[in-house]
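Scroll down for the structure; my scribbles are underneath it.
Predicted, not measured: the structure shown is a model, and the values here were computed from it. Note on naming: letters A, B, ... go to the chains in the order of the sequence lines (proteins, then strands), and numbering restarts at 1 for each one.
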Amino acid sequence: MKVPFSWLKDYVDIDCTPKELESKLFSCGFEVEETIELGGKTDKIVTCKILKIEKHPNADKLSVTQVDAGKFGKLQIITSAKNISEGDIVPVALDGATLYNGERIFNGELRGLPSQGMFCSGEELGITDDWYEGASIHGILIFKEEYPLGENVRKILDLDDVMYDINVTANRPDCQSIFGIAREVAAVLGKPLKTPDFSYKTDSGISTLETVKVSDEAPELCPRYKARLVKDVKLAESPLWLKRRLFKMGIRSINNIVDITNYVLLEIGQPMHAFDLNDISGKQIIVRRANVGEKIVTLDEKEFKLTPDNLVICDKDKPVALAGIMGGLNSEIKDNTVNVLFESAKFARDNVRKTSRALGQRSDSSARYEKGVDYASVENGMNRALYLISSLGCGKIAADEYDIVDKPLSEKVIKTTVSKVTGVLGIEISQTEIKNILERLYFGVKLNGDELEVTVPLYREDMESYQDIAEEIIREYGYDHIDSTLLKTAAITGGGRTGAQKTTDNLKNLLVGYGFNEIITYSFVPEKDYKTFSKNENADKLIKIINPISEDMSVMRTTLVPSMLRTAAYNVNRKNFSARLFELAKIYTAKSVPLTELPVEETVLCCALFGENEDFFTAKGVVEGIFDIFCYGRDVSFVKSDVKFMHPTRSADIICGGEKIGVVGQIHPSVAEEFNLDKPVYVIELNYDKMSQLFNDKIVFRPISKFPPVERDLAVSVGEDVSCAEVMGAIKKAAGDNLESVYLFDVYQGDQIEKGKKSLAFNLIYQSRERTLNVEEVDESIKNILKLLKEQLNAELR
Amino acid sequence: MDKFEQLIERVKEELGGISTVRLLGDLKAKFMGKNGEITALLHSMKDVPAAMKADFGKRINTLKVEVEKLFGEKENKLKDDELNARFKNEAVDVTLPGKQNACGSLHPLNIVKNQIIDAFTGLGFEVFEGPEIDTDYYCFQALNIPKDHPARDMQDTFYFNENILLRPHTSPGQVRTMESKKPPIKILSPGRVYRADDDASHSPMFHQIEGLVVDKGVSLCDLKGLLDDFVKTVFDGDTKTRFRPSYFPFTEPSVEVDVTCCKCHGKGCSLCKGTGWIEILGAGVVNKNVLEMSGIDSDVYSGLAFGVGIERITMIKYGISDIRTLFENNVKFLNQFKRR
């Protein structure tokens with residue numbers, strides 16, 4: 001919200017500097033985001049009189065002028081301007097001057113002659129005809145008045161004003177106007193507020209009610225509609241003060257009637273519209289929902305096809321305005337307009353927003369309506385517009401008007417107690433202070449003991465309860481009065497992370513210890529990922545965002561692997577050739593498509609390992625490490641995987657508790673290629689939610705056996721297709737109870753062994769908890785093992 | 001020179017040629033072994049006349065002690081030499097780099113998230129994570145943002161359909177907690193949130209932590225106390241907070257919370273744009289409509305809520321200027337966060 005400091009002074013006697021007021025506004029909830037100087041950077045530009053103009057001896061297009069700049073003396077200025085004459089008073093930028101846009105001017109030499117400054121155009125001073133007539137011409141600004149010479153142009157052009165750009169929060173639409181902000185300024189400074197002049201003269205011979213018939217058929221979308229006839233309108237240029245106010249707010253002057261509606265929007269915050277009554281067929285105005293397929297062409301000559309969701313203002317036959325957004329071309333104010341019907345209305349903000357979005361049509365008016373216009377400003381806006389018409393003498397105002405309201409207008413009363421209000425704040429504030437603050441904000445206050453009754457002005461539609469009252473008080477009283485207490489009345493709660501949350505942290509710390517860097521990637525991915533990664537090829541089950549930022553972020557992911565591969569590729573491209581990465585994040589699976597209920601969100605752990613020291617077994621080792629620590633004693637097995645994005649002979653499904661809970665191995669080379677990864681990347685993907693069902697954090701102490709272990713190495717040759725797990729399984733099965741541990745220490749395939757066979761060498765440790773084992777029983781166990789291996793796997797001792 | 005002296009000289013001479021402990025053993029056997037020369041001399045004592053026997057015995061004893069001493073010295077020297085040779089052989093350049101068992105790192109956003117959680121769990125807060133895909137009711141309506149509310153424009157939300165969306169804030173965590181738990185409530189609800197914004201200071205996915213206290217008689221002063229405590233844990237111990245009026249539909253009064261700039265400590269610098277203060281979070285007293293919609297009696301209980309943007313805190317804390325750095329996951333970036 002742009003607010004000129006000088007304009008605020010119309011309503012409040014401000015006795016502090018713009019900077020001081022800025023900090024006061026900040027403390028009561030109106031942050032000034034930017035302060036804009038009306039005069040821009042303009043500096044050291046003064047009036048001067050041109051005494052003599054001569055042709056430049058060395059340049060056809062330049063003139064040499066002698067000027068009188070008052071106390072700055074007689075100067076020689078070289079110029080290319082053609083619109084100046086001797087005797088003109090013009091602005092001159094002196095040595096070291098700054099133009100509006102920040103450009104600097106210094107003494108110089110032009111074609112061999114010194115020039116002690118530069119004449120300025122209106123544009124170089126940041127102004128147009130709306131500010132000073134003649135400022136828009138192409139050439140030097142020539143003053144019409146006999147200004148004293150050597151005077152600062154900022155002063156004589158009245159450019160010493162600042163404009164605040166104030167951030168008004170969404171709950172305060174009543175402050176979306178100069179007058180609305182002025183109310184807050186008066187309150188925060190504790191000064192009286194001067195109400196704008198709402199008085200006007202009417203013509204008793206003119207009646208709105210007898211001339212036009214107005215009806216509101218959609219009060220739910222138009223809770224208040226005012227219409228007033230103004231006859232014998234004299235379209236003309238607006239007075240300078242009006243043009244200048246609009247100029248400050250960045251609005252171009254059109255004519256007095258249009259300017260008045262714009263002025264009222266800025267000052268009162270009420271959008272106004274003016275219809276040319278001659279164009280209103282049947283002299284009827286009907287506020288209603290559009291019919292299906294009904295069309296309107298708006299002022300900017302765009303055509304829209306409407307639906308009953310759109311509110312329109314119609315005459316007997318057709319829409320003449322898109323309510324709150326823009327008038328129709330068919331009823332616009334023209335040079336020959338004589339009779340005008342003024343509209344001031346409250347339209348439902350969400351409907352204006354929806355229509356504006358749906359049609360892609362916006363205006364200052366719709367922007368204002370979207371924030372919310374209150375019942376009171378409908379009245380103030382109309383009255384202020386009529387005041388301007390009356391005082392500018394640009395029309396005859398009807399003696400009566402339409403004012404259609406959906407409910408009787410009465411001020412809301414909030415009944416509460418002082419202790420409830422101060423309870424929200426946690427500090428004591430005296431009743432006098434409370435009353436004083438609320439009254440400064442134009443609330444009616446009745447105090448009876450602890451009881452507090454607050455009457456809310458119509459424009460404060462945001463006020464609902466004691467909490468709102470508490471906020472009003474504290475923002476005026478000052479947030480620096482809030483003490484710091486630590487929940488002094490609250491109950492003690494234990495708090496802390498749950499066991500599962502702690503385990504997650506521990507798991508992450510383990511991975512960090514294993515050398516993994518944690519990554520965070522977006523939860524939405526390109527749809528094309530699913531050609532490669534979807535499990536069931538049922539693309540219909542994808543959860544798609546209706547309004548994605550881009551195609552690359554349009555679908556909720558069902559696996560973390562593609563994001564992980566993109567991160568790997570990103571790093572490899574930046575010469576980070578080896579890394580271990582992990583992400584613990586959610587995947588999203590629809591129960592049904594289209595979504596009728598919330599999808600399933602499951603937490604997944606994804607790891608990637610790449611670089612010269614990594615292989616299938618380093619990745620698998622990480623999985624084993626995790627299970628050894630977090631799922632101790634659970635039966636984990638690795639079974640050749642057929643996951644389609646994995647390397648078919650270097651990947652394994654991770655089976656635990658009889659269920660597949662993940663996959664480990666090398667990414668399929670052709671998938672890696674899609675991601676521009678030419679070296680192997682190993683990944684682990686584990687369903688963390690399923691895995692956490694298997695967490696086992698119970699530590700059971702087992703005494704260490706006092707009896708000596710017996711160690712045996714066993715190398716067997718088996719067919720190359722026989723898996724280590726099969727051999728190991730057979731060994732465990734046949735060994736008997738005393739086998740304490742068995743591990744594989746060598747795999748051999750080569751010259752020393754028959755083709756098609758491989759050798760597996762195991763280290764077996766036997767140990768009893770009750771006694772010393774004798775050699776015979778160990779030998780017996782080995783014999784049993786070999787026998788079973790032979791029978792089941794055709795394995796031979798080597 | 002008699003034969004004793006000759007023998008000593010010979011021992012010395014032969015010892016001089018010995019270079020290993022094994023050869024020394026052989027030489028010792030030659031002189032002192034069962035068939036050694038000195039042993040033989042000892043055996044020859046029986047042939048020495050009785051009168052000379054005592055003298056012979058004494059001399060032979062001296063000889064033996066002397067030879068053993070020579071062997072002992074030689075052995076020590078040889079062992080020293082061998083050890084020194086080994087040390088020379090085994091020498092390492094201690095300035096060569098150690099073999100790394102390279103540690104990884106947690107993501108900086110999670111480091112900061114953990115610090116925030118630690119600050120509040122110490123005060124009795126629990127941690128609750130709600131769904132990221134949630135309904136319009138939990139994301140808006142139950143937070144006092146009805147369908148026509150202009151505050152819906154404050155966040156540009158990603159939708160799956162009219163009713164199901166990616167949560168634009170962690171505030172639905174408040175509602176879900178209040179629905180399932182009776183006061184006293186102290187929870188934190190961290191997680192991913194989503195808004196349609198993508199530039200150097202906005203990411204379409206980012207992280208928040210929502211905090212909620214519901215109990216009897218909690219006030220704005222308690223909120224100030226909680227947040228004062230929190231900022232001291234996450235920033236410096238001398239960090240101060242400032243409340244300034246703001247607006248959120250689910251709190252009333254609502255405040256923006258600023259902290260004294262962690263770079264200039266309030267003097268004014270480029271980070272705080274010369275103001276000495278940095279905006280870090282939004283907070284307030286829970287709107288009674290929100291309490292009531294979740295089935296909590298607002299006549300008995302009051303609530304405090306705050307929402308922290310983890311990215312913002314992380315960027316301020318570590319001086320990261322572009323939010324996208326956090327999601328590129330460059331290992332060279334991540335490795336800087338090993339020291340937590």
| Checking B/E129 against chain A: side chain, backbone, both or neither under 4.5 Å from a heavy atom? | neither

| said: Between B/K332 and A/R574 (side chain of the first, backbone of the second, donor and acceptor by atom type, cut-off under 3.5 Å), is there such a pair? | reply: yes

| message | Does any backbone or side-chain atom of A/T567 lie under 4.5 Å from a heavy atom of chain B? Answer side chain, backbone, both or neither. | response | side chain

| request: Let me know if A/E31 has heavy atoms under 4.5 Å from chain B in its side chain, its backbone, both or neither. | output: side chain

| message | Among A/Y514, A/F582, A/Y522, which residue has the highest count of heavy-atom pairs closer than 4.5 Å to chain B? | response | A/Y522

| Is it the side chain or the backbone of A/Y570 that comes within 4.5 Å of chain B heavy atoms, both, or neither? | side chain

| field | Heavy-atom check, side chain of A/T596 versus side chain of B/I164, under 4.5 Å | value | no

| So what's closer than 4.5 Å to chain A heavy atoms on B/L304: side chain, backbone, both or neither? | side chain

| query | In terms of ring plane angle, is the pair A/F524 and B/F158 parallel, tilted or perpendicular, where the classes change at 30° and 60°? | reply | perpendicular

| query | Between A/Q467 (side chain) and B/P253 (backbone), is there a donor-acceptor pair under 3.5 Å? | reply | no

| Residue B/D118 versus chain A: region with a heavy atom under 4.5 Å | both

| request: Check each atom of B/S302 against the heavy atoms of chain A and say whether the ones under 4.5 Å are side chain, backbone, both or neither. | output: neither

| query | Where on B/A196 is there a heavy atom nearer than 4.5 Å to chain A: the side chain, the backbone, both, or neither? | reply | both

| Option in B/T241, B/L326, B/D134, B/I187 with maximal non-hydrogen atom pairs under 4.5 Å from chain A | B/D134

| request: Keeping the roles fixed (side chain from A/N571, backbone from B/N329), state whether a donor-acceptor pair exists under 3.5 Å. | output: yes

| field | Side chain to side chain, B/L334 and A/I519, heavy atoms closer than 4.5 Å | value | yes

| Sub-3.5 Å donor-acceptor pair from the side chain of B/T121 to the main-chain atoms of A/R497, do we have one? | no

| query | Does some side-chain heavy atom of A/I545 sit less than 4.5 Å from a side-chain heavy atom of B/L165? | reply | no

| field | Which atom of B/D197 lies closest to which atom of A/I549, heavy atoms considered | value | N-CD1, 3.6 Å

| Do the non-hydrogen side-chain atoms of A/V512 and B/K338 ever get within less than 4.5 Å of each other? | no

| said: Between A/E601 (side chain only) and B/I133 (backbone N and O only), is there a donor and an acceptor less than 3.5 Å apart? | reply: yes

| request: Please flag which part of A/A491 lies under 4.5 Å from any non-hydrogen atom of chain B: side chain, backbone, both or neither. | output: both

| message | Is B/Y194 close to chain A through its backbone or its side chain, or both, or neither, when contacts mean heavy atoms under 4.5 Å? | response | side chain

| task | Under 4.5 Å, counting heavy-atom pairs only, tell me which of B/V213, B/L109, B/L223, B/N287 racks up the most with chain A. | result | B/N287

| In terms of heavy-atom pairs under 4.5 Å, which option from B/K216, B/E126, B/R242, B/E132 contacts chain A the most? | B/E132

| task | Give, as side chain, backbone, both or neither, the part of A/K420 having an atom under 4.5 angstrom from any heavy atom of chain B. | result | side chain

| query | If you count heavy-atom pairs under 4.5 Å with chain B, which of A/D505, A/I546, A/L581 comes out on top? | reply | A/I546

| query | How about A/V424 and B/E252: do any of their side-chain heavy atoms sit closer than 4.5 Å? | reply | no

| Among side-chain atoms of B/K186 and A/T493, is any donor-acceptor pair under 3.5 angstrom? | yes

| query | Sub-3.5 Å donor-acceptor pair from the side chain of A/E518 to the main-chain atoms of B/H107, do we have one? | reply | yes

| request: Under 4.5 Å, counting heavy-atom pairs only, tell me which of A/N576, A/N517, A/D350 racks up the most with chain B. | output: A/N517

| task | Return the minimal non-hydrogen interatomic distance between A/I482 and B/C221, and the atom names on each side. | result | CG2-CA, 3.7 Å

| query | Taking B/T135, B/L166, B/V214, B/D198 one by one, which has the highest count of heavy-atom pairs under 4.5 Å against chain A? | reply | B/L166

| query | What part of A/F26 is in contact with chain B, defined as an atom under 4.5 angstrom from a non-hydrogen atom: side chain, backbone, both or neither? | reply | both

| field | Heavy-atom proximity to chain A below 4.5 Å, by part of B/D228 | value | side chain

| field | Polar side chain donor-acceptor pair, A/S27 to B/R244, under 3.5 angstrom | value | no

| For the side chain of A/T169 and the backbone of B/Y247, is there at least one donor-acceptor N/O pair under 3.5 Å apart? | no

| query | Would you find a donor on one side and an acceptor on the other, under 3.5 Å apart, between the side chain of B/N163 and the backbone of A/L595? | reply | no

| said: When you compare the side chain of A/P594 with that of B/F160, does any pair of heavy atoms fall below 4.5 Å? | reply: no

| message | Test your reading of the model: is there a side-chain donor-acceptor pair from A/N171 to the backbone of B/P249, 3.5 Å cut-off? | response | no

